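To keep things clear, I will list the structure first and then write my remarks on it.
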Amino acid sequence: MADTDIAEVRDRMGLRVRLVRQLGQRITEAPESQLEYMEDVQKLLTGQARDAERAANDLAEQAPGEAAVMERYADALVAAKDPVTGGQDWAIVKRAIQTELPEAAARQLEDSQSMYVTKAASREAALMSWTPTAEPAQVETALNRYWDAHEKQDRACTIDLGESGQKYDRSRLVTESWRAVSGDADLDARARTRFEQSSALMDEPESVTGQLAARMMTVDRATGVTQTRAWDEHMGRDRSAAVTVTGPSLDMMTGPGVTGHGPDASLDR
């Protein structure tokens, strides 16, 4: 690969890293934006893995150390986007913690080991293990953190069914940790929300409420996040003001912050 080709690959990869930060900043409580975010991050992971593999192959002779890091980075990206055992969308989980839970419970949950694992094994963490300015040693450190969290998440989300084998529940770590910091009233509201959403989906699937329920339930199944506040607001029930959230905290990722251009539809190619 010519130096200009390598530079182009790096530019595309760097743009995806910048883009995932920008996409996370735009997350709101609107379920439509959350589903779009999940789809967009999946595309970014696919394109990034493809370019990382290309870079690894073409750097093999001239820079074998860097090629090995790129190959390992590609493996993390592939693992993160797996639809069953892949990482969470941390931006969605982070926002839900701060908008759905009381301040003390939100702080307790964010500080917990389970949320550290969720964040470190997230799809954003895999993508941002590499940045344009990071040295190979920094990327290795970030990848070690990612794989350690990925293994812990696997253990936490694998359910032993005895003679029937095993079941994997990707949302289990978030769901159980969320339940542990919630009071009875919050748990009751969560259960009520899920019941009402299921009923709306069965009784009026084509209505605005039924379609909203379908989108929220999709996010819930994938992430373990039940959007009680947004659902109550749609149903006309008053809720106290939500905590203002400016975007997901991704400070654990390697490399300094980067800025750049806006979305590019070609990034997933």
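Since the model is a prediction, treat every value here as computed from it, not as a measurement. For reference, positions follow the sequence shown, starting with 1.
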**Request:** Mind checking the NZ-CZ spacing from K167 to R172? Nearest 0.5 Å is all I need.
**Result:** 9.5 Å
**Message:** Salt bridge or not between R21 and E124? Use side-chain N to carboxylate O under 4.0 Å.
**Reply:** no
**Item:** Test item: D82 side-chain N/O and V84 main-chain N/O as donor-acceptor pair under 3.5 Å
**Value:** yes
**Prompt:** W147 vs H150 aromatic rings, parallel, tilted or perpendicular, using cut-offs 30° and 60°?
**Reply:** perpendicular
**Message:** What I want to check is whether the side chains of Y116 and D111 have a donor and an acceptor closer together than 3.5 Å.
**Reply:** no
**Prompt:** Run the side chain to side chain contact (heavy atoms under 4.5 Å, CB included) check on D186 and D188 step by step: do they pass?
**Reply:** CA-CA 5 Å; D186 293 319; D188 289 345; over 6 Å; no
**Asked** Quick one: are Q227 and Q34 in side-chain contact, heavy atoms under 4.5 Å?
**Response** yes
**Item:** Same apolar cluster (I L V M F W Y, side chains within < 4.5 Å links), V219/M217
**Value:** no
**Message:** For the backbone of E204 and the side chain of S207, can you confirm whether one donor and one acceptor N or O come within less than 3.5 Å of each other?
**Reply:** yes
**Prompt:** Should the heavy atoms of other residues, nucleotides or ligands under 6.0 Å from CD of E140 be counted, would the total exceed 12?
**Reply:** yes
**Request:** State the CG-CH2 distance between L109 and W178, to the nearest 0.5 angstrom.
**Result:** 7.0 Å
**Prompt:** Can you tell if the side chain of E36 reaches within under 4.5 Å of the side chain of V41, non-hydrogen atoms only?
**Reply:** no
**Request:** Please name the pair of heavy atoms, one in Q153 and one in A121, separated by the smallest distance, quoted to 0.1 Å.
**Result:** OE1-CB, 3.9 Å
**Message:** Under 4.5 Å between side-chain heavy atoms, counting indirect links through other Ile/Leu/Val/Met/Phe/Trp/Tyr residues: same cluster for M38 and I27 or not?
**Reply:** yes
**Prompt:** Do W231 and E196 have side-chain N/O donor and acceptor atoms under 3.5 Å apart?
**Reply:** yes
**Fill in**
Rounded to the nearest 0.5 angstrom, the CD1-CE distance for I97 and M115 is 5.5 Å
**Message:** Under a 3.5 Å threshold, yes or no: a donor from one side chain and an acceptor from the other, between S112 and S114?
**Reply:** yes
**Message:** Quick check: closest heavy atoms across M216 and A230, and the distance to 0.1 Å?
**Reply:** CE-CB, 3.5 Å
**Message:** Apply side chain to side chain contact (heavy atoms under 4.5 Å, CB included) to residues I6 and D58 and explain how you reach the verdict.
**Reply:** CA-CA 8 Å; I6 294 176; D58 291 299; 5.5 Å; no
**Asked** Measuring from E61:CD to N57:CG, what's the distance to the nearest 0.5 Å?
**Response** 11.0 Å
**Item:** Joint hydrophobic cluster, V78 plus M70, side-chain heavy atoms closer than 4.5 Å
**Value:** no
**Prompt:** For the residue pair A76 and A126, what are the closest heavy atoms and their distance?
**Reply:** O-CB, 3.9 Å
**Asked** Nearest 0.5 Å, what's the CG-CG distance between D40 and L19?
**Response** 7.5 Å
**Request:** Would you name the heavy atoms of S129 and A142 that are closest together and state the gap between them?
**Result:** O-CB, 3.7 Å
**Prompt:** Among T223, V117, L173, which residue meets the side chain to side chain contact (heavy atoms under 4.5 Å, CB included) test with Q88?
**Reply:** T223
**Prompt:** Can R16 be said to sit on top of W130's aromatic six-ring, NZ or CZ under 6.0 Å from centre and within 45° of the ring axis?
**Reply:** no
**Message:** For E110 and K94: C-alpha separation, side-chain torsions, deciding distance, then whether salt bridge (charged side-chain N to carboxylate O under 4.0 Å, His left out) applies.
**Reply:** CA-CA 8 Å; E110 284 192 73; K94 167 75 173 183; 2.4 Å; yes
**Request:** Check whether the side chains of Q98 and E103 place a donor and an acceptor atom closer than 3.5 Å, and report yes or no.
**Result:** no
**Prompt:** Does a salt bridge link D51 with R54, judged by any charged N lying under 4.0 Å from a carboxylate O?
**Reply:** yes
**Request:** Would you mind checking if K152 and D148 are paired as a salt bridge, meaning a charged N to carboxylate O distance below 4.0 Å?
**Result:** yes
**Message:** Ignoring hydrogens and geometry beyond distance, is a side-chain donor-acceptor pair present between T218 and D220 at under 3.5 Å?
**Reply:** no
**Request:** Check whether any side-chain N or O of Q211 sits under 3.5 Å from a backbone N or O of E206 as a donor-acceptor pair, and report yes or no.
**Result:** yes
**Message:** Please tell me whether L187 and L101 are part of a single hydrophobic cluster in this structure, the criterion being side-chain heavy atoms less than 4.5 Å apart.
**Reply:** no
**Request:** Please report the C-alpha distance between L44 and L23 in whole Å, then the side-chain angles of each, then the deciding distance to 0.1 Å, and finally whether the side chain to side chain contact (heavy atoms under 4.5 Å, CB included) criterion is met.
**Result:** CA-CA 11 Å; L44 292 177; L23 291 173; 3.9 Å; yes
**Prompt:** Between R192 and D232, is the closest basic N to carboxylate O distance under 4.0 Å?
**Reply:** yes
**Message:** Has R123 got a side-chain atom pairing as donor or acceptor with L45's backbone, closer than 3.5 angstrom?
**Reply:** no
**Message:** Does either side chain, that of T226 or that of R194, offer a donor lying less than 3.5 Å from an acceptor on the other one?
**Reply:** yes
**Prompt:** Just checking, is any N or O donor in the side chain of Y73 or Q48 under 3.5 Å from an acceptor N or O on the other one?
**Reply:** yes
**Message:** Which heavy atom of N144 sits nearest to which heavy atom of R72, and what is that distance?
**Reply:** OD1-NH2, 2.6 Å
**Asked** Quick one: OG1 on T209 to CG on D203, what's the gap to the nearest 0.5 Å?
**Response** 11.0 Å
**Considering all heavy atoms, the nearest D160-Q166 contact** = CA-CG, 4.4 Å
**Message:** Membership question, hydrophobic clusters at under 4.5 Å side-chain separation (ILVMFWY): are L201 and L35 in the same one?
**Reply:** no
**Prompt:** For Y168 and I159, what are the C-alpha separation, side-chain angles and deciding distance, and is it a side chain to side chain contact (heavy atoms under 4.5 Å, CB included)?
**Reply:** CA-CA 6 Å; Y168 195 88; I159 303 171; over 6 Å; no
